[in-house]
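All values below come from the heavy atoms of this structure, side chains included, with hydrogens, waters and symmetry mates left out.
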Amino acid sequence: MPGMRDVEIRKRSSEILILLAIILASIPLITGYLLLVLSSFSKTMFTNLDPNSFHPTLINWILLFQGRTAAFAGIHVNIWRIVLNTLIVALGISFLVTILGSLNGYAISRMNFPGRKHILALLILLHAFPGSVLVVGVYFIYRLFIPPLELVSIYSFFYVIVARAAVEIPMATWLMKGFFDMIPWEIEWSAIVDGASRFKVWWKILLPMIKPGLAAVMLFGFLAGWMDLIYVRTFLVDITLAKFIEANTYAEYAYLPLVAAAGTLYLLPTILFFIFAQKLIFTISVSGIKG
């Protein structure tokens, strides 16, 4: 039909225009990442798109995995210890955000208690505050409960994980509430009639039904911990990849192609996330609208 065909053509034209706008807006970002990755495999920084300035080598990655932070200076660091520190922070935040986000989301979605609507509004308000704004308040609270200094390397990890997870939990709770809202009440009622407790219903029946949501919240929590710089600089005694890259970027002995290799290593979880989790992102948008 002519009318429907005109509508389809206009719709397709709009989609092409939106796609072109997204591609144009993404070009500077993609170019920056491309230059970073190519510089990690070059003897000199590849800061333009001239092929003559690219001198391929693997020495930057070899030096990085040997823990050397400069090409000629004898400065060594334990790069694997740094990666382990980053993993401890990222996995700790991911675990805490997933557990508390799913518990909170279930309670808000399935239980009616006084102040429920105010808590929902507070979740959005808390997420509106950037994490950097809360650092001073969190630091003041921690100062009131300082453990013995000989335990500093242990409790500094605890401080970072709890503080950074607290920033991510409001959004995780909101997302998980959306996923729990999508599950029919009849499933929960039938389990309760059979004698299951609310905790057993949450753990054994509802959580397996929202695995994509759990995986997505877990990944978002992991990336938040992996990329964090402000909280690890404020509370963590040990070095993470973010602190390592920042320190070497401004150091006088800095060998920038090696720093580019560290930056590429730092990007890997994010790249893998977007390759393998596109469907999960779409599921999040659907549940968020419903919630």
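When the shell of 6.0 Å around CG of Leu256 is examined, it contains more than 12 heavy atoms from other residues, nucleotides or ligands.
Between Trp203 and Phe199, the ring-plane angle classifies as parallel under the 30° and 60° cut-offs. The aromatic rings of Phe46 and Phe54 stand perpendicular to each other, their planes meeting at an angle above 60°, with 30° marking the opposite boundary. Taking the six-membered ring where the residue is Trp, Phe65 and Trp80 present parallel rings, their angle staying beneath 30° rather than reaching 60°.
Of the inter-residue distances, the one linking Ser197 atom OG with Lys204 atom NZ reads 9.5 Å to the nearest 0.5 angstrom. With values rounded to the nearest 0.5 angstrom, Ile210 atom CD1 is found 9.0 Å from Trp202 atom CH2. A distance of 11.0 Å separates CG in Leu103 from CD1 in Ile108, rounded to the nearest 0.5 Å. Here the CZ-CG distance, from Arg110 to Asp181, works out to 7.0 Å after rounding to the nearest 0.5 Å.
Pairing each heavy atom of Ala261 with each of Trp61, the nearest pair is O-CH2, 3.3 Å. Closest approach of Gly263 and Leu36 over heavy atoms only: C-CD2, 4.1 Å.
At distances below 3.5 Å, at least one donor-acceptor pair connects side-chain atoms of Asn104 with backbone N or O atoms of Leu100. In terms of modelled atom types and a separation under 3.5 Å, the side chain of Thr57 and the main chain of Phe41 share no donor-acceptor contact.
The side chain to side chain contact (heavy atoms under 4.5 Å, CB included) test with Val89 singles out one residue from Leu236, Leu84, Asp238, and that residue is Leu236. No option in Val138, Asp228, Val232, Val97 other than Asp228 meets the side chain to side chain contact (heavy atoms under 4.5 Å, CB included) test with Arg164.
Ile93 and Leu214 fall within the same hydrophobic cluster, defined by Ile, Leu, Val, Met, Phe, Trp and Tyr side-chain heavy atoms under 4.5 Å apart, directly or through other members.
Contact check for Arg116 versus Met111: no side-chain heavy atoms found under the 4.5 Å cut-off. Annotation: side chain of Phe244 is in contact with side chain of Ile79 (closest heavy-atom distance under 4.5 Å).
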